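Scroll down for the structure; my scribbles are underneath it.
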Number of protein chains: 2
Amino acid sequence: MPHKATREQIVAAADQLFYQQGYEYTSFADIAAAVSISRGNFYYHFKSKDDILEAVIQLRLSNTQAMLELWASQGQTAQERVRCFIQLLIRNRAKIALYGCPVGTLCGELAKLEHPALNDANQLFRLFRHWLRQQFESMGHRTQADALAMHLLARSQGIATLAQAFQDQTFIEQEAEQLDIWLTQLGTH
Amino acid sequence: MPHKATREQIVAAADQLFYQQGYEYTSFADIAAAVSISRGNFYYHFKSKDDILEAVIQLRLSNTQAMLELWASQGQTAQERVRCFIQLLIRNRAKIALYGCPVGTLCGELAKLEHPALNDANQLFRLFRHWLRQQFESMGHRTQADALAMHLLARSQGIATLAQAFQDQTFIEQEAEQLDIWLTQLGTH
DNA sequence: GTCTATATAATGATAGAC
DNA sequence: GTCTATCATTATATAGAC
């Protein structure tokens, strides 16, 4: 494998550490140790910690966009495509029980810090919201599509929050099943 | 016992600041400024910052317990009592849009910090969970009562998370109405 | 590009005067 | 009980050698 650019390694390590420890609690020393570079070398690639946060958010936006496009191509029906979203909860249940949802916990932290990057971070939510709304429109729920998208997002966020608080993966599985039922009933209306 | 109020003032100020800014981000200087005492005076009343966190959690546990007992005495039926819980979302919608749910955001932060106090903090969730379970049992949902309690908790957490991320109070009102409908349908089964 | 060394500010925490 | 003064540590960030 070719040597990955240092800048990308920093962003990848920060992405992971911001998720696991939170933005505020993660220090340059933590990231430096993960990438095996010196603290001083950071400022060749980024001008501040906020700058790294911006890069992490952009990386997540890019990854999310790619994932949504993949789901759009994988599912035959809109219902199957929405099921990809629900399946993501189950697939990531171990990490969710430890660190919560990467989107929800980041937005929550940035809101409390009154950090200006909140408006970039919640763009992650907007990507999911817009994509889900399209699927619900495809299912015939024209007027309620956005409300349904927000509802599903909220349901998944709540599942992640309680799973993390109780450190319980199985709750995710139980509630994901309820979401499946909810989605099925939505398709028969 | 002169100036006994100081300790309580510290806990009250920390309670508010931990909610608004988060535990990690709130410094002794912040709390000291709110109470108008010196930083050094802190350590007469508490031996560490973790100690203040413990006191804050105990205060919240005590307040929550009192609120649940009040709800238990106010509602004629179990359904009315659960409605008190839903109404709390609406009543606190302005603060929730700014700071999220005080229980969910604290547990989420402590989980990421791997803070030992997480097990005390999520006792707040357990209080609500147990109280809600009792109400659902009262409604005749004997076997599913705990699952219903967890479901309602998750729903409210998700509402708070999205309301905070989008800084949108009206979403809380919309989803609370959905919860009301859900609760009504639950009573007719 | 990466390093060491350092500047500067803030943190949690302690000691001792009053 | 409260204060001032101070400690050790850590944080982000900068300067300059190589």
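To find a chain, count down the sequence lines: A is the first, B the second, and so on, and within it residues start at 1. Remember, it's a predicted structure, so these values are computed and weren't measured experimentally.
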Heavy atoms only, 4.0 Å cut-off, all strands: where does A/S27 land among base, sugar-phosphate and nothing? sugar-phosphate
Contact class for B/Y44 vs. all strands (heavy atom < 4.0 Å): base, sugar-phosphate, or nothing?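 Result for B/Y44 = base.
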Less than 4.0 angstrom between a side-chain N/O of B/N41 and OP1 or OP2 of D/dG1, yes or no?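 So the side chain of B/N41 is outside the cut-off, no N or O lying under 4.0 Å from OP1 or OP2 of D/dG1.
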C/dT2 phosphate, OP1 or OP2, under 4.0 Å from A/T6 side-chain N/O: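 Yes.
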Candidate nucleotides C/dG12, C/dT2, D/dA13, ranked by approach to the side chain of A/Y43 - the nearest: D/dA13
Closest to the A/S38 side chain, choosing from D/dT12, C/dC3, C/dG12: C/dC3
[X] has an atom [atom1]; how far is it from atom [atom2] of [N], in whole Å?
X     : N      : atom1 : atom2 : value
A/K47 : D/dT12 : NZ    : P     : 15 Å
A/I10 : D/dT12 : CD1   : P     : 13 Å
A/F28 : C/dA10 : CZ    : P     : 17 Å
B/F46 : C/dT11 : CZ    : C1'   : 19 Å
B/I31 : C/dG12 : CD1   : C1'   : 11 Å
B/R7  : D/dT2  : CZ    : C1'   : 17 Å
A/R39 : C/dT6  : CZ    : C1'   : 11 Å
A/K49 : D/dT14 : NZ    : C1'   : 18 Å

Residue pair B/R83 / B/Q79, side-chain donor-acceptor N/O under 3.5 Å: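 Judged by distance alone, the side chains do pair up.
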Apply side-chain hydrogen bond (donor to acceptor under 3.5 Å, both in side chains) to A/D30 and A/S27, showing your working. CA-CA 5 Å; A/D30 293 331; A/S27 67; 3.3 Å; yes
Verify the ring-centre separation between A/Y43 and A/F28: is it less than 6.0 angstrom?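 Aromatic pair counts; centres sit under 6.0 Å.
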Can you tell me which residue among B/Q178, B/R155, B/Q174, B/E175 is in a side-chain hydrogen bond (donor to acceptor under 3.5 Å, both in side chains) with A/H151? B/E175
Over 60° means perpendicular and under 30° means parallel, so tell me whether B/F18 and B/Y23 are parallel, tilted or perpendicular. perpendicular
Between B/G40 and A/E24, which has a closest nucleotide on DNA chain D that is more 5'?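 The residue mapped nearer the 5' terminus is B/G40.
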